[in-house]
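Order of the sequence lines fixes the chain letters, A, B, ..., with proteins taken first and strands second; residue numbering starts at 1 for each chain. A quick note: this is a predicted structure, and the numbers were derived from the prediction, not measured.
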There are 2 protein chains.
Amino acid sequence: MNDVLKALSHSTRRAVLSHLRKGDATAGELAALFDVSKPTMSRHFQVLKDADLIAAERRGTEIVYSFNASVGDELLGALMALLGTKERTSASTSEEQA
Amino acid sequence: MNDVLKALSHSTRRAVLSHLRKGDATAGELAALFDVSKPTMSRHFQVLKDADLIAAERRGTEIVYSFNASVGDELLGALMALLGTKERTSASTSEEQA
DNA sequence: ACGCTAATTAGCGATTTAGGTAATAAGAAT
DNA sequence: ATTCTTATTACCTAAATCGCTAATTAGCGT
């Protein structure tokens, strides 16, 4: 959970997620959208991948990234339980904060 | 938004929020719940306060902290828009990620 | 003014993070 | 085998983070 939230706490990474929600994209395509070097983008991808927010698949010379919905849903459940005032329907998360 | 997510990406701080949701508490009361020094806790409070997730009010020699629901709701809205697959009703957040 | 309590700020060390350039790995194609 | 493209890993620097102890501020009560 720490990793997921930390991954989300950078606007570039959130923007990457936002883009991937609309469809898969290669590292190059994503990198082209931002004003930072490719290695820097590559590390952003790594952070997102470590948090399991995206998945990577090699396709020839390029690497295709895709959004992973399940982790986001889990996080939303936990966050609603933590700080939500709105009604929540299916909040069955098995996370305990120390 | 970065600050809010970063504030949430530490389990101690989430635990503090979780506790404050059940009612206000002084810095000392909160600090007593965790296995870290008071100065360290004090900085955690600062992070949460900077993110506007909690509010502080001096009461005599002690400082009473309280949970701030509005920011959490905003965040939840933005996060649902970003990574939610569940139905969302009132998602009217005015945040643009760079 | 002095002392006591509660909490913070100051300062330190170790670790992590975000950015960059240079070097490397993986595939495809000639 | 070499070359070209794509993307990563390696290495560096500057800045932020988390923990601590020591010192300071703020308020209350003698």
**Q.** For atom CZ of B/Arg59 and atom C1' of D/dA26, their distance in whole Å
**A.** 16 Å
(Q) Using whole Å, what does the distance between atom C1' of nucleotide D/dT17 and atom CG of B/Asp50 come to? (A) 14 Å
Q.
Checking side-chain polar atoms at under 3.5 Å, does B/Asn68 have a donor or acceptor matched by the opposite partner on B/Ser70?
A. yes
Q | Under-4.0 Å side-chain N/O to phosphate OP1/OP2 contact, B/Ser37 with D/dC20 | A | yes
**Q.** A/Lys6 and B/Leu5, any side-chain heavy atoms less than 4.5 Å apart
**A.** no
Q: Check every strand shown and say whether A/Arg13 touches a base, only sugar-phosphate, or nothing at a heavy-atom separation below 4.0 Å.
A: sugar-phosphate
Q | Closest heavy-atom pair and its distance - A/Leu82, B/Phe67 | A | O-CZ, 4.4 Å
Q.
In whole Å, I'd like the distance from the CG atom of B/Leu8 to the C1' atom of D/dT17.
A. 16 Å
Q.
Tell me whether the side-chain N/O atoms of A/His44 come closer than 4.0 Å to OP1 or OP2 in C/dT17.
A. no
Q | Atom-to-atom span, CD of A/Gln46 to P of C/dA18 - whole angstrom | A | 13 Å
Q | Phosphate OP1/OP2 of C/dT8 contacted by B/Tyr65 side-chain N/O (<4.0 Å) | A | yes
Q. Shortest non-hydrogen contact from B/Met41 to B/Leu30?
A. CE-O, 4.2 Å
Q: Can you see which heavy atom on A/Ala51 is nearest to which on A/Asp3, and at what distance?
A: CB-O, 3.9 Å
Q: Report yes if at least one side-chain N or O of A/Thr40 is closer than 4.0 Å to OP1 or OP2 of C/dG20; otherwise report no.
A: yes
Q: To the nearest Å, give me how far apart CZ (A/Arg58) and C1' (C/dG27) are.
A: 7 Å
(Q) With a cut-off of less than 4.0 Å, is there a side-chain N or O of B/Thr26 near OP1 or OP2 of C/dA7? (A) yes
Q) Does C/dT8 have OP1 or OP2 sitting under 4.0 Å from an N or O in the side chain of B/Ser42? A) yes
Q. Over how many whole Å does the gap from B/Leu48 atom CG to C/dT8 atom C1' extend?
A. 16 Å
Q) Is there a donor and acceptor pair closer than 3.5 Å between the side chain of A/Arg43 and the base of C/dG19? A) yes
(Q) In whole Å, I'd like the distance from the CD atom of B/Glu57 to the P atom of C/dA7. (A) 13 Å
**Q.** B/Asp35 CG to D/dC18 P, straight-line distance once rounded to whole Å
**A.** 17 Å
Q: Choose from D/dT6, C/dA6, D/dT8 the nucleotide whose nearest atom is closest to any side-chain atom of A/Glu62.
A: D/dT6
Q) If you check the A/Pro39 side chain, which of D/dA7, C/dA6, C/dA22 turns out closest? A) C/dA22
Q. Does the side chain of A/His10 get closer than 4.0 angstrom to OP1 or OP2 of C/dG19 through an N or O atom?
A. yes
